[in-house]
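These notes concern the structure reproduced below.
Here the structure is a predicted model, which is why all the values come from computation and not from measurement. Letters A, B, ... are given to chains in the order of the sequence lines, protein chains preceding strands, and every chain is numbered from 1.
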Amino acid sequence: MAAGERRIVTAQFFERDPLICARELIGTVLVWGSCEGIVVESEAYLSVNDEACHTFMRPSTRAFLARNQAGAAYIYLNYGVHWMLNVTVKGTDEGFVLVRAMEPIAGFDLMEKRRGLTGPRQLCSGPGKLTQAFAITIRDHERDLCCDPKHCFYHTTGMFDVVADERIGITKAADLPWRFTLRGSPFVSRPVKQKEGAIAHPSGVRSG
DNA sequence: TTCGTGATAGAG
DNA sequence: TCTATCACGAAG
């Protein structure tokens, strides 16, 4: 990729397993109108054998997955307050990638205004925070995130050291290491849980 | 630590 | 209808 060139993350990217997509989404840039941020935290949810995934309990989510393509936005309201941004994944395994935190890189004034605070650290350091900063709502539900250059992910150059960790804020299947963060990033929603004696593998749970 | 908030689903 | 359950965030 030439310097300065921007390459959209295509639907093909999301036609792989959710774990792979979640890990490789770290380091991409989400562009949303005039706002941009580097994805530093994500989580994978599988449509089968994952009790924490909405498909486990919600027929409406199973219907959503059936009628939408890979790369479609799955957005819902949590706790009556916060919008959550997920990307539909359809590989051998199907599911979603939850975008949990970003390092903001453009549109600071707008984001600070929407969030009602100043300073970059807390603008997008959580799934509810980033949707507020980017003004992502239910209007964007089912949006194709792989075609509009103003509402998509972009690849970036460089290597990203990714840590696999347990998912946050769930009660079911909470032990699975399906949360991915950019190692050492101060923009994540919560610090990586360090298990005593554990050796974090830099490339996550799979080598692919 | 506690509490607001509303969509969704399942029970009665 | 009613109730439980949340992939959260801010205040205290």
request  = Under a 3.5 Å limit for both distances, which nucleotide forms a Watson-Crick or G-U wobble pair with C/dA7, could you say?
outcome  = none

message = In whole Å, I'd like the distance from the CG atom of A/N78 to the P atom of B/dA7.
response = 13 Å

request  = Go through B/dT8, C/dG9, C/dC6 for me and flag the one nearest to the A/P127 side chain.
outcome  = C/dG9

request  = Ignoring backbone atoms, test whether A/R62 places a side-chain nitrogen or oxygen under 4.0 Å from the OP1 or OP2 oxygen of B/dA9.
outcome  = no

ask   = Just checking A/R100: base, sugar-phosphate only, or nothing, at a heavy-atom cut-off of under 4.0 Å?
value = sugar-phosphate

key: Separation of C/dG9 P from A/L130 CG (nearest whole Å)   = 8 Å

task = Identify which nucleotide among B/dG4, C/dA7, B/dA9 has an atom closest to any side-chain atom of A/Y76, counting heavy atoms from C-beta outward.
result = C/dA7

query = Quick one: do A/D17 and A/K90 make a salt bridge, cutoff under 4.0 Å?
reply = no

key: Short side-chain N/O contact from A/T171 to OP1 or OP2 of C/dT5, under 4.0 Å   = no

ask   = Out of C/dA7, B/dT5, B/dA9, which nucleotide sits closest to the side chain of A/R58?
value = B/dA9

task = Measure up the A/W32 and A/H151 rings against each other and bin them: parallel (under 30°), tilted (30 to 60°), perpendicular (over 60°).
result = perpendicular

ask   = Roughly, in whole Å, what's the span from NZ in A/K129 to P in C/dG9?
value = 6 Å

ask   = Taking atom P of C/dA7 as reference, at what distance in whole Å does atom CZ of A/F180 sit?
value = 18 Å

query = In whole Å, what is the span from the CD1 atom of A/I138 to the P atom of B/dT8?
reply = 8 Å

query = Among B/dG4, B/dG6, B/dG10, which nucleotide sits nearest the side chain of A/L77?
reply = B/dG6

ask   = How many Å lie between CZ on A/R167 and C1' on C/dC6, as a whole number?
value = 14 Å

query = Should the pair A/E43-A/R100 be classified as a salt bridge under the 4.0 Å nitrogen-to-oxygen rule?
reply = yes

ask   = What does A/S189 touch in the nucleic acid at a heavy-atom separation under 4.0 angstrom: a base, only the sugar-phosphate, or nothing?
value = nothing

query = Is any side-chain N or O of A/H54 closer than 4.0 Å to OP1 or OP2 of B/dT8?
reply = no

request  = Take the angle between the ring planes of A/H54 and A/Y74 and call it parallel below 30°, perpendicular above 60°, tilted in between.
outcome  = perpendicular

ask   = Whole-Å distance between C/dC8 P and A/L123 CG?
value = 19 Å

Rounded interatomic separation in angstrom, taking CE from A/M57 and P from C/dC6 = 9 Å

From A/I8, A/V9, A/V99, residue fulfilling side-chain contact (heavy atoms from CB on, under 4.5 Å) relative to A/T28 = A/V9

ask   = What nucleotide, of C/dA10, B/dA7, C/dA7, holds the atom closest to the side chain of A/R115?
value = C/dA10

query = Taking for each residue the nucleotide of DNA chain C with the nearest heavy atom, is it A/Q132 or A/I170 whose nucleotide lies nearer the 5' end?
reply = A/I170

